[in-house]
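Bear in mind that the values here come from a model prediction, so they are computed numbers and not experimental data. Just so it is clear: chains get the letters A, B, ... in the order the sequence lines come, proteins before strands, and each one is counted from 1.
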Number of protein chains: 2
Amino acid sequence: MNIKDVAERSGLPAKTIRYYEEIGLIRPARAENGYRHFAEADLHKLTFLGRARSLGFSIGDCRTLLALYEDHSRASADVKRLAEDHLDRIDRKLAELAAMRDTLAHLVRSCAGDGRPDCPILADLAGTPDA
Amino acid sequence: MNIKDVAERSGLPAKTIRYYEEIGLIRPARAENGYRHFAEADLHKLTFLGRARSLGFSIGDCRTLLALYEDHSRASADVKRLAEDHLDRIDRKLAELAAMRDTLAHLVRSCAGDGRPDCPILADLAGTPDA
DNA sequence: ATAGGCCTTCCAGCCACGGGAAGGTCAAGG
DNA sequence: CCTTGACCTTCCCGTGGCTGGAAGGCCTAT
C-alpha cells in the first residue's frame, strides 16, 4: 500500500503517518522509487496508534504501549499501570475543567448581556466584585 | 515596581510578563537603565490577565476582554457572548474527556494487572477484542 | 573591589502535528 | 509520444503559550 491507502484505512492523515515514521514509531519499507510501502503490519500499528491517541495517550505513552504490545512476554500489570496513570491525569484535567466551567457558568448567568456596560464577568476578572 | 515585584503580586512568572509585553497585551514604561517600570495599572491588567487565563480564555480572548474592560461604553452583551462561546468550548472539551475517561476506566477495570501477558487494554487498542 | 541578585535581550525547545513550496513518479487519455 | 493530473517525496515554517538558558549590563552591600 502507498501512504494514501493506509491513511484512508487507518483514519490518520498522511502527514501524521510521515511524522510517526520520522519519530520512529513505525518503519515502513521503501519501494525503489522512494515511495513508502506499507505492509498490513504497518497498517495495524497505525490503527493501534490512532486508537491510543484518541484515548489521549501521549506519543511517549504510545511508544511504550506499542513496545508492550509487541512484547509477548509483557506483564499486563505494566500496561495497567500506564493506563491508570493516564486515567489520573485525565481525572485531574476533568476536575480542573469542571471548576472552570462552574465559575464561568455562574458568571455568564449573572451577566445581563444587554447594551449596558455593567458586567459581572469583567468585574470578576478585574477582582472588583462590584463593577 | 520592577518585574519581580509585579510577578510576585500578580502571581505570574516574570517570563510570562515579558511575553505579554512582547505580544502587546501590556505596555509598561521603561526606566533610564532599560528596566521595565510597572505602574499600579499595569499590575491591575496583569492580575486581570492571570484570572482570565486561569478560566481558560485564550490569549486572543484576553486581548478582547481587556479591550472591553477598558472601554467604558462597552455593551455587556459583547462580554457575555465571548464568555458563552468559551463555555461551549469547555463543555465540548469536558464531554470529550469524560468519554475518554469512561472508556479508559472500563479498560483498566477489565485488566487483571498481574504478571500474565493477556491484556484487554492492548487488545482494545489493537482492535482485537479478545487477545 | 567583589559578590550576588537583580535586570536585559536573544535563541531554542516543548507537543503533535498542519500548510505549503519545489520537485519527482506514475497511469490514463489524446 | 506527450500531456494532464493525481499521486509521492523532502524541506522548512507556523501554531499556542509559554519555559529554560546563555551572555551580558546594572545596582546594592560589604
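Here the side chain of His86(A) pairs a donor or acceptor atom with the backbone of Leu55(A) at under 3.5 angstrom. A donor-acceptor contact shorter than 3.5 Å links the side chain of Thr47(B) to the backbone of Leu43(B).
Applying the 4.0 Å criterion to OP1 and OP2 of dC17(C), one finds that Tyr20(A) has a side-chain N or O inside that range. Of the side-chain N and O atoms in Thr16(A), one or more sit less than 4.0 angstrom from OP1 or OP2 of dG18(C). For the OP1/OP2 pair of dT25(C) and a distance below 4.0 Å, the side-chain nitrogens and oxygens of Arg36(A) include no atom meeting the criterion. Side-chain N/O atoms of Asn33(B) include one lying less than 4.0 angstrom from OP1 or OP2 on dC27(D). Phosphate contact (OP1/OP2 of dT9(C), side-chain N/O of Arg18(B), threshold under 4.0 Å): absent.
Picking from dT8(C), dG17(D), dC10(C) the nucleotide with the shortest atom distance to the side chain of Tyr35(B) gives dT8(C). Which of dT8(C), dC8(D), dA16(C) sits closest to the side chain of Ser58(A) comes down to dA16(C). The side chain of Lys15(A) lies closest to dG20(C) when the candidates are dA16(C), dG20(C), dT19(D).
Between His37(B) and Phe57(A), the residue whose closest nucleotide on DNA chain C is further toward the 5' end is His37(B). For the pair Gly60(B) and Arg30(A), nearest-nucleotide mapping onto DNA chain D gives the more 5' position to Arg30(A).
Here the C1' atom of nucleotide dT19(D) and the CD1 atom of Ile59(B) are 14 Å apart, to the nearest Å. Rounded to an integer number of Å, the gap from CZ of Phe38(A) to P of dT9(D) is 7 Å. Nucleotide dG18(C) holds its P atom 10 Å from the CZ atom of Arg53(A), rounded to whole Å. Here dC17(C) presents its C1' atom at 14 Å from CG of Leu49(A), a figure rounded to the nearest Å. Remark: P of dT19(D) and OH of Tyr19(B) are 11 Å apart, rounded to the nearest angstrom. Separating the CD1 atom of Ile23(A) from the P atom of dC15(C) is a distance of 10 Å, rounded to the nearest angstrom. Put simply, CE on Met1(B) is 17 Å from P on dC6(C), counting in whole angstrom units. One can place CG of Asp5(A) at 9 Å from P of dC7(D), the figure rounded to the nearest angstrom.
Connection of Tyr35(A) to Ile3(A) is not established within any shared hydrophobic cluster, with ILVMFWY side chains joined at heavy-atom distances below 4.5 Å, either directly or through further cluster members.
Using a 4.0 Å heavy-atom distance criterion, Lys4(A) is classed as a sugar-phosphate-only contact. Heavy atoms of Ile3(B) sit under 4.0 angstrom from primed sugar atoms or phosphate atoms, though from no base atom.
Test Arg51(A), Lys45(A), Arg53(A) against Cys62(A) for side chain to side chain contact (heavy atoms under 4.5 Å, CB included) and you get one pass: Arg53(A).
Between Asp114(A) and Arg116(A), at least one side-chain nitrogen of the basic residue sits less than 4.0 Å from a carboxylate oxygen of the acidic one, meeting the salt-bridge criterion.
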